[in-house]
There are 2 protein chains.
Amino acid sequence: MAGFKIPGITVYRLALYARTLEKLLEEGKDIISSEELARECGVNSAQLRKDLSYFGQFGVRGVGYSIPALLRHIRRILGAGREWFMVLMGAGHLGQALLKYEFLPKRGFKFVAAFDIDEEKIGRVVNDVYVYHLNQLSWVLREHPAEIGVIATPAKAAQEVADLLIENNIKGILNFAPVRIKHPPNVIVEHSDLTILFDKLAFYLNRLD
Amino acid sequence: MAGFKIPGITVYRLALYARTLEKLLEEGKDIISSEELARECGVNSAQLRKDLSYFGQFGVRGVGYSIPALLRHIRRILGAGREWFMVLMGAGHLGQALLKYEFLPKRGFKFVAAFDIDEEKIGRVVNDVYVYHLNQLSWVLREHPAEIGVIATPAKAAQEVADLLIENNIKGILNFAPVRIKHPPNVIVEHSDLTILFDKLAFYLNRLD
DNA sequence: AAATGTGAAACGCTTCACAGCC
DNA sequence: GGCTGTGAAGCGTTTCACATTT
């Protein structure tokens, strides 16, 4: 495969290309030019070609890209095709929505357990996933190993929960709580803060005059 | 206030600073240096100061920033303090989680109505928000004006729903569906694609050796 | 003495433009 | 003729480093 320093934003766009190629494949298209795929993704065509060039040559000059082949390549680059086991921290509204999101298991992302501290939620089963008390994390993880922890707790609890995940050897964290998680460099943390998105939209709407 | 070209990423970070200042304020802190606030947010301190400098001078040399004052300034910059009325498109799992997310109304973001095409969902009331059939969008918006549309439909429906929002004069769209929305330049669209986040995390986990 | 505010340098991503290939 | 792949130029963001202020 390829070189070393892959911009994070390139990885982001690869996933975006994959999503778009999936759509085009469903629509029965077979060949596409960088120009057209880029337009579909809202990026510049040179950018798309450059992103791909980090990983190899997947097109045919004068012709374009085979949609199924390119999708296969991108999936391989992203490490799709394997399964990822995850634990959910916080079985509130957002957490339960994630448990029910069909897209995730289809792409190999599977929740093996959920955790909360609200007695009312503990013992429930949401979409086949059992909700345990937080203090059972260690043994549940021994029983059902997982690589990814998804944090959907209130902001106040997020850091503590992250520390617990890291202690229990979780290597990747996806944090939906509106705080920044502090973590050692060998743990990968992705943040998704909905509140920031709303604020950003509001800012630009205000500027619209 | 300030100049013209504000990088989108600066706006993103302003909201991040606001979130962090809110936390610090709750903890009872009063004064903070750019160094410490930056660490708390996971950014470089020069960056933080530069971000703020687009909008004015809010600190005291030799001292630092007053947390409540800085928070007030950032909120004003972001246009917080006013109310934003929103419609939700798609009352599925994610949509309902958004309707129940307490953070949003606290920050002035209020859903006036939700829309779906599933007869089973239409007529329900989720957290005081009524779910209408999609074809009632126009008159509901006349009755309850809104500036923001939040799309939480399946990918297939997202573009169509966005077009409908734009026809009905919605100026800001927050799209949670895993497709890129095409839109005229006078409409502001923010994307939040969960599937891409999971893919990105998986990519970096694979690289971890 | 300490910490901000900010030109200027450094850096990294984006876009151009064209050679190379079908 | 058309489209990819890519070195190089362009551009925007990040970081440095220090003058400035309290």
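Below, chain A is the first sequence line, B the second, and so on; all start at residue 1.
- Note on the helix from C:dA1-D:dT22 to C:dC22-D:dG1: angle between the axes of the first and last five pairs equals 0°, rounded to 10 degrees.
- For the residue pair B:H133 / B:N135, a side-chain donor-acceptor distance below 3.5 Å is found, with atom types taken as modelled.
- With sequence neighbours excluded, no residue forms a salt bridge (charged side-chain N to carboxylate O under 4.0 Å, His left out) with B:E167.
- Sorted by first and then second residue, the side chain to side chain donor-acceptor pair (under 3.5 Å) pairs involving residues 87-103 of chain B (not counting sequence neighbours) form an empty list.
- Applying the side-chain hydrogen bond (donor to acceptor under 3.5 Å, both in side chains) test to A:R82 and every residue at least two apart in sequence or in another chain returns A:E147.
- Looking at residues 24-42 of chain B, you'll see that no heavy atom sits under 4.0 Å from any atom of DNA chain D.
- The stretch residues 63-82 of chain A participates, sequence neighbours left out, in these ring-ring contact (aromatic ring centres under 6.0 Å, His included) pairs: A:F58-A:H73.
- The main-chain N or O of A:V179 is found under 3.5 Å from a side-chain atom of A:N175 such that the two form a donor-acceptor pair.
- Residue pairs meeting the salt bridge (charged side-chain N to carboxylate O under 4.0 Å, His left out) criterion with at least one member in residues 7-16 of chain B, sequence neighbours excluded: B:R13-B:D51.
- For the pair A:D116 (side chain) and A:G90 (backbone), a donor-acceptor distance under 3.5 Å is absent.
- The CZ atom of A:F58 sits 17 Å away from the P atom of C:dC22 (whole-angstrom rounding).
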Grab the N/O contacts between the protein and nucleotides 12-16 of chain C below 3.5 Å, and write none if there aren't any.
unit_1	atom_1	unit_2	atom_2	d
C:dT14	OP1	A:R13	NH1	3.0
C:dT14	OP2	A:R13	NH1	3.3
C:dT14	OP2	A:R13	NH2	2.8
C:dT14	OP2	A:Q47	OE1	2.8
C:dT14	O5'	A:Q47	OE1	3.0

Any protein N or O atoms within reach of nucleotides 20-22 of chain D? Criterion: under 3.5 Å, listing atom names and distances.
unit_1	atom_1	unit_2	atom_2	d
D:dT20	O2	B:R61	NH1	2.8

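- Side chains of B:T195 and A:R19: a donor-acceptor N/O pair is present below 3.5 angstrom, by distance only.
- The salt bridge (charged side-chain N to carboxylate O under 4.0 Å, His left out) contacts involving residues 38-50 of chain B comprise A:K182-B:E40, B:K23-B:E40, where partners must be two or more places apart or lie in separate chains.
- Residue A:Y65 places at least one side-chain N or O closer than 4.0 Å to OP1 or OP2 of D:dG5.
- For A:F198, the ring pair (Phe, Tyr, Trp, His ring centres under 6.0 Å) partners two or more places apart in sequence, or in a different chain, are B:F109.
- Between A:Q57 atom CD and C:dG20 atom P the separation is 13 Å, expressed in whole Å.
- In this structure, the side chain of B:T10 does not engage the main chain of B:I6 through any donor-acceptor pair within 3.5 Å.
- Between A:F55 atom CZ and D:dG5 atom P there is a gap of 14 Å when expressed in whole angstrom units.
- A salt bridge links B:E36 and B:K29; the closest N-O separation between the charged side-chain nitrogens and carboxylate oxygens is under 4.0 Å.
- A heavy atom lying under 4.0 Å from DNA chain C marks none of the residues of residues 178-188 of chain A.
- Interatomic distance, B:R142 CZ to B:L137 CG, rounded to the nearest 0.5 Å: 10.0 Å.
- With values rounded to the nearest 0.5 angstrom, A:R207 atom CZ is found 12.5 Å from A:L205 atom CG.
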